[in-house]
Amino acid sequence: MTGKAKLSFPHPPARPDQVPDFSALAIPEAGALDVPPYEITAPESRPYANGLVRVLDDAGAAVGPWADYIADIPEEELLEGLRDMMRVRAIDKRLMTAQRQGKTSFYMQCTGEEAIGCGFQRALSQGDMNFPTYRQQSLLVAAGYPLEKLMGQIFSNDLDPAEGRQLPILHSARDYGYFTVSGNLGTQYIQAVGWAMANALSDNGQIAVGWIGDGATASNDFHSALLCASSYQPPVVLNIVNNQWAISTYTGVAAGRARTYAARARGYGVPALRVDGNDYLAVRAVARWAVTRAREGFGPTAIEWFTYRVAAHSSSDDPTAYRPKDEAERWPLGDPIARLKAHLIGRGAWSDERHAQAEAEIRDEVVSVQKRVEAHGTLLDPRPVPARTIFDGVYAEMPPHLARQAREAEV
Ligand SMILES: Cc1ncc(C[n+]2csc(CCOP(=O)(O)OP(=O)(O)O)c2C)c(N)n1
């Protein structure tokens, strides 16, 4: 008997009516991997691309070489990191509710992924540029971006720096190292590499950081970016946030039969690591390592952040239609806020009482900013920016045909 050609379709281990099943995931012990030298090559990065850098163990202790690598980071900074993550979660919760109340048209939460942006941003310096997706609001919060602007963008009122031109969550904050987010998946990844090439040419000491989701690695721009980064060795960190889902599509579709996304980057000749994305200390450590490598001229690094998309894809999505309701609770790498909290309590730097107090303070702060921002207009109380501004910024100077259209529109 000869074989027969057939098609194979990747399926998630569990669907809505089934028990969540993460048994196929190999989760290595915390502290098992070394800190490699900055001059590591792609072939040498194999154990890192196939393994998982983890610092926090199940008891919340920081263990292993990567813990030593960031042992100089002051406790106060870690407490700030915890507050950053709590702030992101509180903002997401409030704005998602605002969407449900009809005050804004759309929202996207990053629940469960807070550590990745909050921890990474701490490794960056003024002048570095992130090329984020719509799910990296945590970078903005950790960079100290004014909440009035962040929320104004969601309500498209006169506090919105984009003047109502963009869908909510597509922020743009040049001064905070946050490149304008585009709705077209993947495009920012190759732009990050180009930006990094420009940095190298101008010798400005700055780096670029590309961000992409696991699903969007299937886009051509992912491959172009890795090839250009490999060929020209610019100062760029290429992040892949593997949250297991691309809307309703299981991550196995974009991954194909490759073992990890990090391994795929390694195939392009880019040193790559895979990291526990729910471990704030692992994020902080590996971000510092990759950023240092880029800045000191050792070239690009790819990082797969292994995490889970806890919330719905967006306010337009209902994940109970395609995955078990309680899948997030079974995610073996836990919750990033709970894990850093446990670590800080274990160190004697934090307590349940202080946590509850901080939660209340952060909620009050977020609610009071939200009230001030909503007073500038929401979908229920629309106070749009003047309609004639839609003709601005299409070109640097308004051409005659746009001026004519503006006159015809009588705005
Ligand atoms: C070029 C392009 N194709 C399709 C879409 C529609 N789309 C928006 S989000 C999304 C899923 C992206 O998933 P992933 O990259 O894993 O990121 P996540 O949403 O999980 O953070 C798709 C297909 C799009 N915005 N752009």
Side-chain angles (χ1 to χ4, degrees), residues 9-12 22 25 85 88-89 91-92 95-96 99 105-120 130-141 165-172 178-192 209-226 238-256 258 260-262 264-265 274-275 277-278 283 302-323 327-328 331 333 336:
F9 293 91
H11 289 292
F22 289 113
L25 301 181
M85 291 199 285
V88 174
R89 192 162 291 181
I91 292 166
D92 272 358
L95 294 178
M96 186 65 196
Q99 194 280 336
S105 58
F106 185 71
Y107 195 68
M108 299 178 99
Q109 297 172 272
C110 67
T111 316
E113 302 176 33
E114 294 91 346
I116 300 166
C118 290
F120 200 96
N130 284 296
F131 288 73
T133 76
Y134 45 68
R135 218 182 291 284
Q136 269 86 50
Q137 55 265 52
S138 50
L139 292 170
L140 279 177
V141 171
R165 291 186 177 89
Q166 285 272 35
L167 186 76
I169 207 80
L170 304 186
H171 297 287
S172 173
Y178 202 85
F179 195 82
T180 308
V181 181
S182 161
N184 299 1
L185 292 179
T187 50
Q188 73 286 351
Y189 220 51
I190 181 68
Q191 291 163 0
V209 184
W211 294 87
I212 202 164
D214 52 295
T217 63
S219 70
N220 292 334
D221 288 334
F222 174 75
H223 303 276
S224 315
L226 282 164
L238 291 169
N239 290 312
I240 303 155
V241 180
N242 177 5
N243 66 13
Q244 314 296 309
W245 290 97
I247 316 184
S248 58
T249 303
Y250 165 58
T251 191
V253 178
T260 68
Y261 292 97
R264 177 168 294 165
R274 192 159 156 273
V275 183
N278 290 19
V283 176
I303 307 170
E304 174 182 344
W305 305 101
F306 200 43
T307 185
Y308 182 85
R309 196 199 76 214
V310 171
H313 170 74
S314 72
S315 54
S316 307
D317 174 52
D318 172 13
T320 63
Y322 53 81
R323 66 183 192 187
E327 199 176 68
W331 172 242
L333 296 176

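FYI, side chains are in, hydrogens and waters are out, and symmetry mates aren't considered; it's all heavy atoms of this structure. Numbering of ligands and ligand atoms starts at 1, following listing order.
Between I247 and ligand 1, no N or O atom pair is found at a separation short of 3.5 Å. Of the polar atoms of R309, none of the N or O atoms is found under 3.5 Å from an N or O of ligand 1, judged by distance alone.
A donor-acceptor contact shorter than 3.5 Å is absent between the side chain of T251 and the backbone of N242. Proximity of a side-chain donor or acceptor of Q191 to a complementary backbone N or O of Y189 within less than 3.5 Å is not detected. Without hydrogens or angle criteria, R264 side chain to A255 main chain gives a donor-acceptor distance under 3.5 Å. The backbone N or O of A262 sits less than 3.5 Å from a side-chain atom of E304, completing a donor-acceptor pair. Within the 3.5 Å criterion, the main-chain N or O of H313 finds a donor-acceptor partner in the side chain of R135.
Looking at atom 15 (O) of ligand 1, its nearest protein heavy atom turns out to be A216 N, 2.9 Å. Here the heavy atom of the protein found nearest to atom 1 (C) of ligand 1 is L185 N, 3.7 Å. For atom 25 (N) of ligand 1, the nearest protein heavy atom (residue, atom name, distance) is G183 O, 2.8 Å. Closest protein heavy atom to atom 12 (C) of ligand 1: Y134 OH, 3.3 Å.
With a heavy-atom cut-off of 4.0 Å, N243 touches ligand 1 through its side chain alone. Contacts between W245 and ligand 1 below 4.0 angstrom, taking non-hydrogen atoms only, involve the backbone exclusively.
With ring centers used as reference points, W331 lies under 6.0 Å from F306.
Numbered from 1 in the order shown, with element, the atoms of ligand 1 that lie under 4.0 Å from a heavy atom of R135 read 18 (P), 19 (O), 21 (O). Taking a cut-off of under 4.0 Å to the non-hydrogen atoms of G215, the atoms of ligand 1 that pass are 14 (P), 15 (O), 16 (O).
When each of Y134, Y178, F179 is paired with H171, the side chain to side chain contact (heavy atoms under 4.5 Å, CB included) condition holds for Y178 and for no other.
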